[in-house]
2 protein chains.
Amino acid sequence: MSRTKARAALLGELEEAMRRSSAQGVLYGQTVANVAGIANSDLECMDILYLEGRVTAGRLAEVTGLTTGAITGVVDRLEKAGLVRRERDEADRRKVYIAVVPETAMKIGQLYVPMQQAMEKVFDAYSDEELRLLLRFANEGYKGVVAATTALKGLLDTPPEKRPDLKLKKRRG
Amino acid sequence: MSRTKARAALLGELEEAMRRSSAQGVLYGQTVANVAGIANSDLECMDILYLEGRVTAGRLAEVTGLTTGAITGVVDRLEKAGLVRRERDEADRRKVYIAVVPETAMKIGQLYVPMQQAMEKVFDAYSDEELRLLLRFANEGYKGVVAATTALKGLLDTPPEKRPDLKLKKRRG
DNA sequence: GCTAAATCTCTTAGAGACTAAGATATATAT
DNA sequence: ATATATATCTTAGTCTCTAAGAGATTTAGC
(Lines give C-alpha, C1' and ligand atoms only; values in the text may rest on other atoms or scores of the structure.)
Protein backbone atom coordinates (compact mmCIF):
# COMPACT_ATOMS: atom_id res chain seq x y z
CA MET A 1 0.00 0.00 0.00
CA SER A 2 1.46 3.36 -1.00
CA ARG A 3 2.09 6.11 1.49
CA THR A 4 -0.69 8.34 0.15
CA LYS A 5 -3.16 5.48 0.03
CA ALA A 6 -2.42 4.66 3.64
CA ARG A 7 -3.03 8.27 4.58
CA ALA A 8 -6.27 8.40 2.65
CA ALA A 9 -7.47 5.31 4.46
CA LEU A 10 -6.50 6.90 7.75
CA LEU A 11 -8.44 10.05 6.91
CA GLY A 12 -11.48 7.99 6.02
CA GLU A 13 -11.33 6.11 9.28
CA LEU A 14 -10.90 9.35 11.18
CA GLU A 15 -13.91 10.91 9.51
CA GLU A 16 -16.11 7.97 10.40
CA ALA A 17 -14.81 7.73 13.96
CA MET A 18 -15.45 11.42 14.53
CA ARG A 19 -18.88 11.23 12.97
CA ARG A 20 -19.69 8.32 15.29
CA SER A 21 -18.53 10.00 18.48
CA SER A 22 -20.16 13.24 17.47
CA ALA A 23 -23.48 11.45 16.91
CA GLN A 24 -23.12 9.81 20.30
CA GLY A 25 -22.39 13.20 21.84
CA VAL A 26 -25.68 14.47 20.47
CA LEU A 27 -27.42 11.52 22.12
CA TYR A 28 -25.75 12.33 25.42
CA GLY A 29 -27.07 15.87 25.19
CA GLN A 30 -30.58 14.61 24.47
CA THR A 31 -30.39 12.38 27.51
CA VAL A 32 -29.24 15.28 29.68
CA ALA A 33 -32.19 17.36 28.48
CA ASN A 34 -34.52 14.45 29.10
CA VAL A 35 -33.26 13.84 32.65
CA ALA A 36 -33.30 17.56 33.42
CA GLY A 37 -36.85 17.75 32.11
CA ILE A 38 -36.15 20.58 29.68
CA ALA A 39 -36.32 20.80 25.89
CA ASN A 40 -33.26 20.26 23.74
CA SER A 41 -33.21 23.88 22.61
CA ASP A 42 -33.40 25.00 26.20
CA LEU A 43 -30.33 22.95 27.09
CA GLU A 44 -28.54 24.20 24.01
CA CYS A 45 -29.14 27.77 25.18
CA MET A 46 -27.84 26.91 28.64
CA ASP A 47 -24.72 25.58 26.97
CA ILE A 48 -24.26 28.77 24.99
CA LEU A 49 -24.74 30.81 28.13
CA TYR A 50 -22.12 28.68 29.84
CA LEU A 51 -19.68 29.24 27.00
CA GLU A 52 -20.40 32.87 26.18
CA GLY A 53 -21.53 34.23 29.51
CA ARG A 54 -24.33 36.82 29.66
CA VAL A 55 -25.82 37.34 26.19
CA THR A 56 -28.89 39.10 24.77
CA ALA A 57 -32.00 37.26 23.62
CA GLY A 58 -31.26 38.31 20.06
CA ARG A 59 -27.78 36.84 20.23
CA LEU A 60 -29.25 33.53 21.40
CA ALA A 61 -31.55 33.54 18.38
CA GLU A 62 -28.61 34.29 16.11
CA VAL A 63 -26.43 31.52 17.49
CA THR A 64 -29.11 28.83 17.75
CA GLY A 65 -30.76 29.70 14.45
CA LEU A 66 -34.14 29.94 16.17
CA THR A 67 -36.51 32.86 15.64
CA THR A 68 -36.69 35.56 18.29
CA GLY A 69 -40.20 34.37 19.05
CA ALA A 70 -38.95 30.89 19.82
CA ILE A 71 -36.22 32.35 22.05
CA THR A 72 -38.86 34.19 24.04
CA GLY A 73 -40.40 30.80 24.76
CA VAL A 74 -37.04 29.22 25.60
CA VAL A 75 -36.16 32.01 28.05
CA ASP A 76 -39.67 31.93 29.54
CA ARG A 77 -39.26 28.24 30.33
CA LEU A 78 -35.71 28.55 31.60
CA GLU A 79 -36.67 31.52 33.77
CA LYS A 80 -39.65 29.64 35.16
CA ALA A 81 -37.32 26.76 36.01
CA GLY A 82 -35.09 29.24 37.81
CA LEU A 83 -32.13 28.50 35.55
CA VAL A 84 -31.73 31.98 34.10
CA ARG A 85 -32.73 35.56 34.82
CA ARG A 86 -33.79 38.32 32.41
CA GLU A 87 -31.85 41.52 32.93
CA ARG A 88 -32.89 44.65 31.02
CA ASP A 89 -29.98 46.69 29.73
CA GLU A 90 -30.24 50.10 31.39
CA ALA A 91 -28.24 51.77 28.61
CA ASP A 92 -30.40 50.37 25.80
CA ARG A 93 -33.73 49.46 27.25
CA ARG A 94 -34.78 47.40 24.21
CA LYS A 95 -32.18 44.79 25.02
CA VAL A 96 -32.71 41.91 27.42
CA TYR A 97 -29.67 40.14 28.73
CA ILE A 98 -30.03 36.53 29.77
CA ALA A 99 -27.88 35.48 32.69
CA VAL A 100 -27.63 32.03 34.25
CA VAL A 101 -28.51 31.58 37.91
CA PRO A 102 -25.42 29.63 39.02
CA GLU A 103 -26.98 27.99 42.08
CA THR A 104 -29.74 26.39 40.01
CA ALA A 105 -27.77 25.84 36.80
CA MET A 106 -25.33 23.77 38.85
CA LYS A 107 -27.93 21.00 38.92
CA ILE A 108 -27.71 20.79 35.14
CA GLY A 109 -23.93 20.84 35.33
CA GLN A 110 -24.04 17.75 37.53
CA LEU A 111 -25.59 15.81 34.68
CA TYR A 112 -22.31 16.21 32.82
CA VAL A 113 -20.39 14.45 35.58
CA PRO A 114 -20.72 10.97 34.01
CA MET A 115 -19.31 12.42 30.79
CA GLN A 116 -16.47 14.16 32.60
CA GLN A 117 -15.59 11.00 34.46
CA ALA A 118 -15.63 8.91 31.30
CA MET A 119 -13.43 11.38 29.46
CA GLU A 120 -11.06 11.68 32.41
CA LYS A 121 -10.61 7.95 32.25
CA VAL A 122 -9.81 8.16 28.55
CA PHE A 123 -7.41 11.06 29.03
CA ASP A 124 -5.55 9.15 31.73
CA ALA A 125 -3.95 6.99 29.05
CA TYR A 126 -2.33 9.98 27.33
CA SER A 127 0.87 11.82 28.12
CA ASP A 128 0.91 15.57 28.62
CA GLU A 129 2.40 15.99 25.21
CA GLU A 130 -0.29 13.88 23.60
CA LEU A 131 -2.97 15.86 25.41
CA ARG A 132 -1.45 19.06 24.03
CA LEU A 133 -1.80 17.59 20.56
CA LEU A 134 -5.45 16.77 21.27
CA LEU A 135 -6.01 20.29 22.55
CA ARG A 136 -4.46 21.78 19.44
CA PHE A 137 -6.67 19.60 17.31
CA ALA A 138 -9.81 20.44 19.31
CA ASN A 139 -9.16 24.15 18.86
CA GLU A 140 -8.37 23.91 15.18
CA GLY A 141 -11.27 21.54 14.64
CA TYR A 142 -13.60 24.03 16.30
CA LYS A 143 -12.47 26.74 13.92
CA GLY A 144 -12.94 24.34 11.03
CA VAL A 145 -16.51 23.55 12.05
CA VAL A 146 -17.30 27.23 12.43
CA ALA A 147 -15.94 27.85 8.94
CA ALA A 148 -17.93 24.93 7.56
CA THR A 149 -21.12 26.19 9.22
CA THR A 150 -20.59 29.64 7.73
CA ALA A 151 -19.98 28.11 4.31
CA LEU A 152 -23.13 26.00 4.54
CA LYS A 153 -25.22 28.94 5.69
CA GLY A 154 -23.84 30.85 2.74
CA LEU A 155 -25.33 28.22 0.47
CA LEU A 156 -28.71 28.88 2.05
CA ASP A 157 -28.63 32.52 0.98
CA THR A 158 -27.40 31.67 -2.52
CA PRO A 159 -30.23 31.15 -5.03
CA PRO A 160 -30.23 27.44 -5.99
CA GLU A 161 -29.41 28.15 -9.65
CA LYS A 162 -26.33 30.13 -8.62
CA ARG A 163 -25.00 27.52 -6.22
CA PRO A 164 -21.75 25.83 -7.11
CA ASP A 165 -22.38 22.21 -7.88
CA LEU A 166 -21.59 20.28 -4.74
CA LYS A 167 -19.68 17.23 -5.77
CA LEU A 168 -18.22 14.82 -3.29
CA LYS A 169 -14.50 14.55 -3.62
CA LYS A 170 -13.42 11.26 -5.00
CA ARG A 171 -12.99 9.00 -2.01
CA ARG A 172 -9.43 7.89 -1.72
CA GLY A 173 -8.86 4.50 -0.24
CA MET B 1 3.39 25.14 38.69
CA SER B 2 3.60 21.50 39.66
CA ARG B 3 3.39 18.73 37.12
CA THR B 4 -0.07 17.62 38.25
CA LYS B 5 -1.38 21.18 38.32
CA ALA B 6 -0.21 21.71 34.77
CA ARG B 7 -1.98 18.56 33.74
CA ALA B 8 -5.17 19.55 35.51
CA ALA B 9 -5.14 22.86 33.66
CA LEU B 10 -4.58 21.02 30.40
CA LEU B 11 -7.51 18.72 31.11
CA GLY B 12 -9.71 21.70 31.88
CA GLU B 13 -8.76 23.40 28.64
CA LEU B 14 -9.40 20.18 26.74
CA GLU B 15 -12.83 19.78 28.25
CA GLU B 16 -13.88 23.28 27.28
CA ALA B 17 -12.39 23.03 23.78
CA MET B 18 -14.22 19.77 23.16
CA ARG B 19 -17.45 21.13 24.56
CA ARG B 20 -17.13 24.13 22.24
CA SER B 21 -16.47 22.14 19.10
CA SER B 22 -19.14 19.63 20.00
CA ALA B 23 -21.69 22.43 20.42
CA GLN B 24 -20.65 23.84 17.08
CA GLY B 25 -21.02 20.39 15.54
CA VAL B 26 -24.62 20.31 16.74
CA LEU B 27 -25.21 23.65 15.06
CA TYR B 28 -23.74 22.32 11.83
CA GLY B 29 -26.17 19.42 11.94
CA GLN B 30 -29.10 21.75 12.53
CA THR B 31 -28.03 23.81 9.54
CA VAL B 32 -27.82 20.70 7.38
CA ALA B 33 -31.35 19.69 8.40
CA ASN B 34 -32.53 23.22 7.75
CA VAL B 35 -30.98 23.39 4.28
CA ALA B 36 -32.22 19.89 3.44
CA GLY B 37 -35.68 20.89 4.61
CA ILE B 38 -36.11 17.98 7.02
CA ALA B 39 -36.52 17.80 10.80
CA ASN B 40 -33.55 17.31 13.08
CA SER B 41 -34.71 13.87 14.15
CA ASP B 42 -35.10 12.88 10.53
CA LEU B 43 -31.49 13.81 9.77
CA GLU B 44 -30.33 12.04 12.92
CA CYS B 45 -31.98 8.87 11.66
CA MET B 46 -30.36 9.28 8.26
CA ASP B 47 -27.03 9.52 10.07
CA ILE B 48 -27.71 6.34 12.00
CA LEU B 49 -28.69 4.58 8.80
CA TYR B 50 -25.44 5.74 7.23
CA LEU B 51 -23.45 4.40 10.16
CA GLU B 52 -25.35 1.19 10.88
CA GLY B 53 -26.70 0.31 7.47
CA ARG B 54 -30.17 -1.22 7.18
CA VAL B 55 -31.87 -1.24 10.59
CA THR B 56 -35.38 -1.91 11.89
CA ALA B 57 -37.78 0.81 12.96
CA GLY B 58 -37.53 -0.43 16.53
CA ARG B 59 -33.77 -0.16 16.49
CA LEU B 60 -34.06 3.45 15.32
CA ALA B 61 -36.36 4.17 18.26
CA GLU B 62 -33.91 2.49 20.62
CA VAL B 63 -30.88 4.43 19.36
CA THR B 64 -32.54 7.83 19.06
CA GLY B 65 -34.51 7.55 22.28
CA LEU B 66 -37.72 8.41 20.44
CA THR B 67 -40.91 6.40 20.87
CA THR B 68 -41.83 3.90 18.17
CA GLY B 69 -44.75 6.14 17.32
CA ALA B 70 -42.44 9.04 16.63
CA ILE B 71 -40.25 6.81 14.46
CA THR B 72 -43.26 5.91 12.36
CA GLY B 73 -43.63 9.62 11.64
CA VAL B 74 -39.91 10.04 10.92
CA VAL B 75 -39.88 7.14 8.48
CA ASP B 76 -43.12 8.34 6.87
CA ARG B 77 -41.52 11.71 6.14
CA LEU B 78 -38.20 10.26 4.98
CA GLU B 79 -39.99 7.79 2.73
CA LYS B 80 -42.15 10.53 1.28
CA ALA B 81 -38.98 12.51 0.56
CA GLY B 82 -37.60 9.46 -1.22
CA LEU B 83 -34.65 9.22 1.15
CA VAL B 84 -35.45 5.77 2.57
CA ARG B 85 -37.49 2.72 1.75
CA ARG B 86 -39.48 0.43 4.07
CA GLU B 87 -38.67 -3.24 3.57
CA ARG B 88 -40.71 -5.86 5.41
CA ASP B 89 -38.66 -8.74 6.77
CA GLU B 90 -39.92 -11.88 5.08
CA ALA B 91 -38.62 -14.09 7.89
CA ASP B 92 -40.30 -12.08 10.68
CA ARG B 93 -43.16 -10.16 9.17
CA ARG B 94 -43.62 -7.89 12.18
CA LYS B 95 -40.29 -6.24 11.45
CA VAL B 96 -39.80 -3.34 9.06
CA TYR B 97 -36.30 -2.64 7.87
CA ILE B 98 -35.45 0.90 6.87
CA ALA B 99 -32.96 1.21 4.03
CA VAL B 100 -31.55 4.40 2.56
CA VAL B 101 -32.10 5.13 -1.11
CA PRO B 102 -28.51 5.97 -2.09
CA GLU B 103 -29.31 8.05 -5.17
CA THR B 104 -31.49 10.43 -3.18
CA ALA B 105 -29.59 10.30 0.11
CA MET B 106 -26.50 11.48 -1.78
CA LYS B 107 -28.04 14.93 -1.93
CA ILE B 108 -27.97 15.05 1.85
CA GLY B 109 -24.42 13.74 1.87
CA GLN B 110 -23.35 16.67 -0.28
CA LEU B 111 -24.32 19.04 2.51
CA TYR B 112 -21.46 17.57 4.53
CA VAL B 113 -18.92 18.58 1.89
CA PRO B 114 -18.12 21.96 3.51
CA MET B 115 -17.44 20.09 6.75
CA GLN B 116 -15.29 17.48 5.03
CA GLN B 117 -13.29 20.15 3.26
CA ALA B 118 -12.77 22.11 6.46
CA MET B 119 -11.62 19.03 8.33
CA GLU B 120 -9.38 17.94 5.49
CA LYS B 121 -7.68 21.30 5.73
CA VAL B 122 -7.18 20.81 9.45
CA PHE B 123 -5.89 17.26 9.04
CA ASP B 124 -3.38 18.40 6.44
CA ALA B 125 -1.26 19.91 9.20
CA TYR B 126 -0.82 16.56 10.96
CA SER B 127 1.60 13.75 10.30
CA ASP B 128 0.38 10.20 9.77
CA GLU B 129 1.51 9.31 13.24
CA GLU B 130 -0.37 12.24 14.74
CA LEU B 131 -3.48 11.25 12.81
CA ARG B 132 -3.20 7.75 14.23
CA LEU B 133 -3.18 9.28 17.71
CA LEU B 134 -6.30 11.29 16.85
CA LEU B 135 -7.97 8.15 15.52
CA ARG B 136 -7.13 6.23 18.67
CA PHE B 137 -8.58 9.06 20.72
CA ALA B 138 -11.71 9.31 18.59
CA ASN B 139 -12.38 5.59 19.03
CA GLU B 140 -11.72 5.61 22.76
CA GLY B 141 -13.65 8.84 23.17
CA TYR B 142 -16.60 7.26 21.40
CA LYS B 143 -16.59 4.36 23.83
CA GLY B 144 -16.31 6.83 26.70
CA VAL B 145 -19.35 8.77 25.53
CA VAL B 146 -21.33 5.55 25.12
CA ALA B 147 -20.41 4.58 28.67
CA ALA B 148 -21.34 8.02 29.95
CA THR B 149 -24.69 7.86 28.17
CA THR B 150 -25.40 4.47 29.72
CA ALA B 151 -24.44 5.79 33.15
CA LEU B 152 -26.68 8.81 32.76
CA LYS B 153 -29.59 6.71 31.57
CA GLY B 154 -28.96 4.57 34.64
CA LEU B 155 -29.68 7.61 36.78
CA LEU B 156 -33.01 7.88 35.02
CA ASP B 157 -34.00 4.43 36.21
CA THR B 158 -32.81 5.06 39.76
CA PRO B 159 -35.76 5.91 42.00
CA PRO B 160 -35.70 9.69 42.51
CA GLU B 161 -35.48 9.40 46.29
CA LYS B 162 -32.29 7.41 45.91
CA ARG B 163 -30.41 9.96 43.84
CA PRO B 164 -29.40 13.60 44.25
CA ASP B 165 -32.21 15.98 43.41
CA LEU B 166 -31.62 16.71 39.74
CA LYS B 167 -35.07 16.82 38.29
CA LEU B 168 -36.36 20.32 37.83
CA LYS B 169 -39.68 19.48 36.34
CA LYS B 170 -41.74 16.41 35.70
CA ARG B 171 -40.43 14.64 32.65
CA ARG B 172 -42.63 14.09 29.69
CA GLY B 173 -41.23 10.72 28.73
C1' DG C 1 -51.57 -28.00 17.92
C1' DC C 2 -53.64 -24.47 20.78
C1' DT C 3 -53.55 -20.73 23.73
C1' DA C 4 -51.29 -17.00 26.23
C1' DA C 5 -47.70 -13.93 26.37
C1' DA C 6 -44.33 -11.33 24.03
C1' DT C 7 -42.70 -8.57 20.24
C1' DC C 8 -42.89 -5.13 16.58
C1' DT C 9 -45.05 -1.46 14.16
C1' DC C 10 -48.70 1.68 13.52
C1' DT C 11 -52.68 4.77 15.00
C1' DT C 12 -54.82 8.36 17.66
C1' DA C 13 -55.46 12.25 20.75
C1' DG C 14 -53.51 15.80 22.92
C1' DA C 15 -49.41 18.56 24.46
C1' DG C 16 -45.38 21.27 23.52
C1' DA C 17 -42.19 23.93 20.60
C1' DC C 18 -41.54 26.26 16.32
C1' DT C 19 -42.30 29.69 12.42
C1' DA C 20 -44.24 33.76 10.27
C1' DA C 21 -46.18 37.90 10.73
C1' DG C 22 -46.88 41.68 13.07
C1' DA C 23 -47.30 44.51 17.61
C1' DT C 24 -44.80 47.13 21.02
C1' DA C 25 -41.16 49.77 22.86
C1' DT C 26 -36.95 52.05 22.36
C1' DA C 27 -33.03 54.07 19.79
C1' DT C 28 -30.86 56.51 15.89
C1' DA C 29 -30.60 59.40 11.74
C1' DT C 30 -32.04 63.13 8.83
C1' DA D 1 -39.81 66.15 14.73
C1' DT D 2 -40.36 62.52 11.94
C1' DA D 3 -39.05 58.39 9.81
C1' DT D 4 -36.48 54.37 9.95
C1' DA D 5 -34.11 50.80 12.36
C1' DT D 6 -33.52 47.68 16.16
C1' DA D 7 -34.81 44.35 19.95
C1' DT D 8 -38.15 41.69 22.09
C1' DC D 9 -42.68 39.87 22.65
C1' DT D 10 -47.38 38.16 21.09
C1' DT D 11 -50.49 35.40 18.43
C1' DA D 12 -52.27 31.94 15.26
C1' DG D 13 -51.43 28.01 13.08
C1' DT D 14 -48.34 24.00 11.97
C1' DC D 15 -45.40 20.27 13.01
C1' DT D 16 -43.36 16.72 15.90
C1' DC D 17 -43.46 14.43 20.06
C1' DT D 18 -45.42 11.31 23.90
C1' DA D 19 -48.69 8.14 25.94
C1' DA D 20 -51.73 4.73 25.37
C1' DG D 21 -53.26 1.19 23.07
C1' DA D 22 -54.66 -1.51 18.62
C1' DG D 23 -53.30 -4.79 15.08
C1' DA D 24 -50.34 -8.25 13.27
C1' DT D 25 -47.09 -11.73 13.96
C1' DT D 26 -44.01 -14.76 16.52
C1' DT D 27 -42.60 -17.56 20.54
C1' DA D 28 -43.30 -20.38 24.68
C1' DG D 29 -45.88 -23.45 27.70
C1' DC D 30 -48.89 -27.00 28.04
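Letters A, B, ... mirror the listed sequences (proteins, then strands); counts begin at 1. Everything numeric in this text was worked out from a predicted model, so none of it was measured.
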Task: Length of the CD1-C1' vector between Ile38(A) and dA17(C), whole Å - done: 14 Å

TODO: Would you jot down, in residue-number order, the residues of residues 77-99 of chain B having a non-hydrogen atom under 4.0 Å from DNA chain C?
DONE: Arg86(B), Arg94(B), Lys95(B), Val96(B)

TODO: Would you mind telling me which residue lines up with the more 5' stretch of DNA chain C, Leu66(A) or Val75(B), judged by nearest nucleotide?
DONE: Val75(B)

TODO: Examine distances only and state if a side-chain atom of Thr68(A) and a backbone atom of Gly58(A) form a donor-acceptor pair shorter than 3.5 Å.
DONE: no

Task: Per Thr72(B) side chain, nearest of listed nucleotides dT18(D), dC10(C), dT19(C) - done: dC10(C)

Task: Within residues 48-64 of chain A: residues closer than 4.0 Å to DNA chain D (heavy atoms) - done: Thr56(A), Ala57(A), Gly58(A)

Task: Among dT19(C), dC10(C), dT16(D), the nucleotide that comes nearest once only the side chain of Ala39(B) is considered - done: dT16(D)

Task: Distance (rounded to the nearest 0.5 Å) between Leu49(A) CG and Arg59(A) CZ - done: 11.0 Å

TODO: Kindly say whether the aromatic ring centers of Phe137(B) and Phe137(A) come within a distance under 6.0 Å.
DONE: no

Open item on the list: Taking CD in Glu120(A) as the centre, count heavy atoms belonging to other residues, nucleotides or ligands within less than 6.0 Å. Is the count above 12?
Closed with: no

- [ ] Quickly work out the Asn40(A) CG to dC18(C) P distance and round it to whole Å.
- [x] 9 Å

TODO: Can you measure from CG (Leu27(A)) to OG1 (Thr149(B)) and round to the nearest 0.5 angstrom?
DONE: 6.5 Å

Open item on the list: One thing to verify: whether Glu140(A) and Lys121(B) come together as a salt bridge, which I'm taking to mean a side-chain N less than 4.0 angstrom from a carboxylate O.
Closed with: no

- [ ] Please answer whether the main-chain N or O of Leu10(B) pairs with a side-chain N or O of Glu13(B) as donor and acceptor at a distance below 3.5 Å.
- [x] no

Open item on the list: Nearest 0.5 angstrom please: Ser41(A) OG to Gln30(B) CD, how far?
Closed with: 7.0 Å

Open item on the list: Does Ser41(A) contact dC18(C) through a side-chain donor or acceptor facing the base, at a distance under 3.5 Å?
Closed with: no

